[in-house]
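Heavy atoms only: backbone and side chains are in, while hydrogens, waters and symmetry mates are out. Residue indices begin at 1 and follow the sequence shown.
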Amino acid sequence: MKKRVAVIGSSGGNLYNLGGKDPFGLIKEIQMQLDAADMELAYVQFIAASTSMDQAKPSTPAELIVLENGQLNVVYEGKLEDVNKRARDFDKVLAEQIENGEIDALILVSADPKGINSEAIKAGAKKGIPAVGTGGTSCGIARSMGLNVVAASGTTGSTNRTRAVSYTAGLANYWKTKYKPVIGSLKKEEVSEENPFKRINFRGIMVTSLPAFIAMAITIALSRIPGLSMFNEVFETMINALPVVVSVVAAKQVSGFDEVGIVAGVVAGALSTKGGVLGGLLGGIAAGVAVPYIVSFSVKRNFPATTVNILSGGLSGLLSGLVMYFGFSPIALAAGNGVRLLIQAALNYNPIIAGAVAGLLIWPAIIGGVYHAAILPIILLEMEKYGNSFLGAIDAIGLVVTAAGITLANIVYPRTKADRVAAAPGFFVLMAFGTFVEAAYPFMFADKLVFATALISATLGGAVAGFFNARGMGYVPILVAPFMSNNPTGFILSMLTAFVIAFVLTAMANRLHKNKSKENKAEVQ
């Protein structure tokens with residue numbers, strides 16, 4: 001008998017910038033991958049807002065998508081607060097199905113464990129069914145509520161397909177069943193007819209472009225190895241290629257077309273390199289906006305398909321690129337330089353205070369949804385100039401290394417055996433890949449002392465990084481990160497500061513909690 005899986009959660013306009021064309025695209029990708037693993041999509045309760053959920057307000061237009069008779073349908077449209085109220089009714093229905101044994105697993109897509117998805121998650125925790133998901137904060141809270149989250153990650157750099165594959169693989173591994181991801185296209189190509197301007201999301205574009213910046217940083221590390229100075233030329237080539245990469249990502253995501261958007265992005269990006277990364281971003285967005293309009297113009301006049309592709313891809317990229325080349329590239333370059341000069345001015349004024357303040361704010365920024373929207377793009381702008389970044393060092397030290405210290409403390413000195421089991425995979429990912437800081441969330445949210453520990457560790461680690469003027473980046477193995485820094489010694493000392501403080505204070509908090517538990521038991525007896 002097939003395992004029956006329910007998808008719950010929400011997302012907004014940012015779906016367009018994670019490789020999907022609309023919320024239906026993500027759910028259909030999940031359904032396709034579940035089918036490949038001989039699982040069944042049995043229930044859907046999904047809220048789709050018109051803007052990113054980080055920016056959504058109670059009055060934001062939204063839709064409630066559910067699965068009815070095997071078909072995805074919008075059952076309610078209105079303000080987000082009203083849609084949320086309706087969603088609670090479906091949450092109760094799902095909770096009953098879980099209690100009756102009709103649902104075998106949950107997929108959490110930026111779910112709301114303490115709100116519109118609370119009943120289902122409580123029922124899932126009580127029943128002991130497995131869950132997988134994305135959205136570090138929500139998965140962390142769900143795990144702290146007792147839900148058996150067997151695989152969780154953030155959304156950085158993901159697409160609809162990679163997320164769907166990740167969900168399905170997590171469940172297949174848990175049940176030890178065979179699963180071969182479906183990499184081909186959906187049976188029917190669907191192109192969104194929505195206004196392309198609504199698909200513009202700077203955060204999503206920059207996040208998806210991140211791997212190119214990491215590749216550039218690797219060339220810097222290689223160039224410092226004796227005998228490999230030739231990689232300096234490779235670094236210069238990579239710098240010139242970054243605007244093209246960003247332009248391609250922007251054009252593809254904004255246009256809603258795949259190959260045509262890529263071609264338009266390449267042409268626009270090649271003509272926007274004088275404007276740096278921001279130039280590529282603006283050129284790609286302009287090309288992406290132009291593509292659907294030129295497609296529509298051509299199709300309505302019955303142009304041959306080949307001609308439509310040539311006009312939409314080539315002409316969109318050329319027109320947008322020429323506007324950047326002759327007009328806006330100098331402005332974009334000046335804007336990028338201004339951001340970098342502002343950061344350098346803060347460091348020149350007092351590097352220790354600048355590092356401490358950045359470290360103190362980095363955790364509230366990522367928990368509050370500000371990190372990916374504002375800080376990460378600034379990190380990438382710094383990397384465009386230097387190959388590494390001061391805020392990138394704060395990211396690696398204040399978030400990744402601190403989270404590693406917290407998770408290791410819960411492996412060595414856990415409150416319970418369950419905490420040790422939960423912390424181990426997170427610690428491995430943090431050390432091996434330099435990401436998934438959400439692994440520390442369950443412990444931070446469960447204990448104010450651990451939360452304070454994260455802030456203290458990040459603050460002091462940031463201060464040390466400021467003192468040494470250390471630049472760097474996350475998203476790489478922790479042991480490799482120092483070699484991508486302008487000051488490896490200072491970077492290592494900063495890492496050790498954050499790691500030791502996080503480990504020691506978390507261990508002390510866990511020991512204090514266990515002692516209090518023993519005292520309470522003694523009083524009861």
Side-chain angles (χ1 to χ4, degrees), residues 113-114 121 125 133 135-149 152-154 355-371 394-431 434-465 474 478 494-521:
K114 293 189 175 181
I121 288 177
T137 302
S138 60
C139 287
I141 294 174
R143 182 177 279 144
S144 69
M145 293 170 63
L147 186 65
N148 183 23
V149 181
S153 67
V357 171
L360 176 64
L361 298 179
I362 195 74
W363 275 108
I366 194 168
I367 293 173
V370 177
Y371 171 85
I394 300 299
D395 175 6
I397 295 163
L399 292 179
V400 178
V401 175
T402 294
I406 291 173
T407 51
L408 181 61
N410 279 282
I411 295 173
V412 180
Y413 299 107
R415 292 186 184 185
T416 65
K417 292 182 179 180
D419 286 348
R420 175 176 289 154
V421 173
F427 176 72
F428 171 78
V429 174
L430 287 162
M431 294 296 294
T435 186
F436 192 35
V437 301
E438 295 90 344
Y441 283 0
F443 313 109
M444 293 169 60
F445 295 153
D447 190 336
K448 293 180 180 179
L449 291 178
V450 178
F451 194 99
T453 291
L455 298 180
I456 294 170
S457 173
T459 300
L460 296 180
V464 176
I478 287 180
S494 305
M495 291 171 62
L496 288 174
T497 299
F499 186 84
V500 171
I501 291 173
F503 176 83
V504 172
L505 293 184
T506 301
M508 291 174 62
N510 288 349
R511 183 64 60 85
L512 180 63
H513 181 272
K514 292 177 73 173
N515 290 338
K516 285 185 177 179
S517 298
K518 290 180 180 178
E519 292 175 1
N520 292 336
K521 289 181 180 179

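Rounded to the nearest 0.5 Å, atoms CG (L460) and CG (L360) are 10.0 Å apart. Taken to the nearest 0.5 Å, the OG1 atom of T453 stands 9.5 Å off from the CD1 atom of I501. Separation of atoms CD (E438) and CG (L399) is listed at 9.5 Å; rounding is to 0.5 Å. Taking CZ of F443 as the start and CG of N510 as the end, the distance is 8.5 Å to the nearest 0.5 Å. The CG atom of L147 sits 12.5 Å away from the CD1 atom of I141 when rounded to the nearest 0.5 Å. Between atom CG of residue L455 and atom OG1 of residue T402 there is a gap of 9.5 Å, rounded to the nearest 0.5 Å.
The shortest non-hydrogen separation linking A142 to P113 is N-CG, 3.9 Å. Counting all heavy atoms, side chain and backbone alike, G359 lies closest to A458 at O-CB, 3.2 Å. Contact between I394 and A465 at its shortest, heavy atoms only, is CD1-CB, 4.4 Å. For the residue pair M145 and A125, the shortest heavy atom distance occurs at O-CB, 3.8 Å. In terms of heavy atoms, V401 sits closest to I397 at CB-O, 3.5 Å. Nearest heavy atom pair, residue R420 against residue I411, reads NE-O, 2.7 Å.
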Under the criterion side chain to side chain contact (heavy atoms under 4.5 Å, CB included), I'd like the reasoning laid out for N410 against F427: C-alpha separation, chi angles, the key distance, then a yes or no. CA-CA 10 Å; N410 279 282; F427 176 72; over 6 Å; no
Are H513 and L449 close enough, and set up right, to give a side chain to side chain contact (heavy atoms under 4.5 Å, CB included), and what steps lead you there? CA-CA 10 Å; H513 181 272; L449 291 178; over 6 Å; no
Before giving the answer on side chain to side chain contact (heavy atoms under 4.5 Å, CB included), spell out for S494 and T497 the whole-Å C-alpha distance, their side-chain angles and the decisive distance to 0.1 Å. CA-CA 5 Å; S494 305; T497 299; 5.7 Å; no
I'd like to know whether L430 forms a side chain to side chain contact (heavy atoms under 4.5 Å, CB included) with V437, so could you lay out the CA-CA distance, the side-chain angles of the two residues, the decisive distance to 0.1 Å, and finally the verdict. CA-CA 7 Å; L430 287 162; V437 301; 4.2 Å; yes
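Side-chain atoms of T407 come within 3.5 Å of backbone N or O of A404 as a donor-acceptor pair. For T506 (side chain) and I406 (main-chain N/O), no donor-acceptor pair under 3.5 Å exists by modelled atom type. Between the side chain of W363 and the backbone N or O of A452, no donor-acceptor pair lies under 3.5 Å.
Remark: F445 pairs with Y441 by the ring-ring contact (aromatic ring centres under 6.0 Å, His included) rule, at least two apart or across chains.
Counting non-hydrogen atoms of neighbouring residues, nucleotides and ligands closer than 6.0 angstrom, the CE atom of M508 reaches no more than 12 such neighbours.
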